[in-house]
2 protein chains.
Amino acid sequence: MNVTSKLTAAAERLFDRHGYIATGMDRLTEAAGISSRTLYKHVGSKAALMARVLTERDRRFMARIDVRTIDALFAALEDWVRVEGCRGCLFLRSRAETGGDTPEIAEAVALHKDAFHERVGEVVAMDLGREDPALAAQVVVLFEGATHAAVYRGADAVSAARAAAAVLLERARA
Amino acid sequence: MNVTSKLTAAAERLFDRHGYIATGMDRLTEAAGISSRTLYKHVGSKAALMARVLTERDRRFMARIDVRTIDALFAALEDWVRVEGCRGCLFLRSRAETGGDTPEIAEAVALHKDAFHERVGEVVAMDLGREDPALAAQVVVLFEGATHAAVYRGADAVSAARAAAAVLLERARA
DNA sequence: TGCAATGTAAAACGATCGTTTTACATTGCG
DNA sequence: CGCAATGTAAAACGATCGTTTTACATTGCA
């Protein structure tokens, strides 16, 4: 396994569990089993490391929601929560932690949210047989809400979102 | 205006805009116009200050969502976003920043989320004429989703949630 | 008048931050 | 063989962290 990918994987876990700022470089190098010199040779800075983490997470996330129906979208989120836990959206969290003032992070977050919204639009179009931007916006809200309500309500929040999405889809079909 | 409430108000603004950890005590004392000695006499620690901020915010938030219908709930959120901006839920953010490991903060967040969920249940019961825990869970998800999608989609996210909630309510009535 | 409370300004505390540097070991390829 | 690349360990960088302390000013009340 590559040094960079090992580092990125370890960093994602630590950033996700303890927060971006609260995670020191010592914890990162120790978790990745590398020296700080190697870390800086490879990624340049802590912010750049976070940007890499977000880009990698976006890849994994987008692969998981490569589905054809709205119901499958929420089924994918149920899987995600079961496998990766529910501590809210790492993208929004890292952006908020830095007040949006770290360009590398803010850009990675913006790219992810754009891609996510576009994907939801595609899924809605496939499921409904036509585009429906209003329904897509509602599904985005339900997905985001499930992600964050799951922090304190657990997987039930995802189930609730899934059921609500089914009602909205049924109504859009009529 | 009381020293403590002036400090709490200044701290809420800074914590909300720049994050809990990223905001240093110097910025807080300067914004509140007090010395660090006075700050520590009054609140004891940074974590205790954040807990006070969250408790105060909870009071203000709960007063705003003291409504009788689901639609008014989302109208209140639209007001909140217009007045206070949209940077996500400060409760979840501060909990995530500290990894849930700061008891004073974690407790304030848990209290707020419990109160919020209970309030939504009451509003749903008033609007529908009977209790409906499943609908209440869906409204919670929509509300949380609107709060977080508004970070990157603006007030439109709240409108989408509001419309979706109306559909779910209509369906629950039938 | 004098004491207690409450405040400020500013220095100092040790710890830790992200980052760079120094010095040295290992390895793979010409 | 020898050099370039790539790594480690560890010290050091100046800055900043949350918190405490020292020394002093102001105020309100007995």
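What you are looking at is a predicted structure, and each value in this text was computed from that prediction instead of being measured.
Remark: P of D:dC17 and CG of B:Leu28 are 10 Å apart, rounded to the nearest angstrom. The nearest whole Å value for the distance from the CG atom in B:Asp26 to the P atom in C:dC13 is 17 Å. Taking atom CD of residue A:Glu30 and atom C1' of nucleotide D:dA9, one finds them 14 Å apart after rounding to whole Å. The CG atom of B:Leu49 sits 11 Å away from the P atom of D:dG18 (whole-angstrom rounding).
Contacts with DNA chain C (heavy atom under 4.0 Å) in residues 33-41 of chain B: B:Gly33, B:Ile34, B:Ser35, B:Ser36, B:Arg37, B:Thr38, listed by number. Of the residues in residues 2-25 of chain A, those with a non-hydrogen atom less than 4.0 angstrom from any atom of DNA chain C are A:Thr23, A:Gly24, A:Met25.
Both B:Val53 and A:Ile21 sit in one connected hydrophobic cluster of ILVMFWY residues. Membership requires side-chain heavy atoms under 4.5 Å apart, directly or through other members.
Pairs passing the salt bridge (Lys or Arg N to Asp or Glu O under 4.0 Å) check and including a residue from residues 23-49 of chain A, sequence neighbours excluded, do not occur. The salt bridge (Lys or Arg N to Asp or Glu O under 4.0 Å) pairs that include a residue from residues 107-127 of chain A are A:Lys113-A:Glu144, A:Arg119-A:Glu122, A:Asp127-A:Arg173, where partners are two or more places apart or lie in different chains. Annotation: side chain to side chain donor-acceptor pair (under 3.5 Å) contacts involving residues 63-76 of chain A, sequence neighbours excluded, comprise A:Asp71-A:Arg162.
Using a 4.5 Å cut-off on side-chain heavy atoms (C-beta onward), B:Thr4 and B:Arg52 make contact. At least one side-chain heavy atom of B:Leu135 sits less than 4.5 Å from a side-chain heavy atom of B:Ile70.
Between A:His42 and D:dT6 there is no side-chain polar atom (N or O) within less than 4.0 angstrom of OP1 or OP2.
The aromatic ring centroids of A:Phe61 and A:His112 lie less than 6.0 Å from each other. Centroid-to-centroid, the aromatic rings of A:Phe116 and A:Phe91 stay 6.0 Å apart or farther.
Using a cutoff of 4.0 Å between basic side-chain nitrogens and carboxylate oxygens, B:Asp79 and B:Arg82 are scored as salt-bridged.
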Exercise. Fill in the dot-bracket string of DNA chain D, one character per base: . for unpaired, | for a pair to another strand, ( ) or [ ] for pairs within the strand, taking Watson-Crick or G-U pairs under 3.5 Å.
Key: ||||||||||||.||||.||||||||||||
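Minimum heavy-atom separation, B:Cys89 to B:Thr147: N-CG2, 3.9 Å. Shortest non-hydrogen contact noted between B:Met126 and B:Val67 is CE-O, 3.5 Å.
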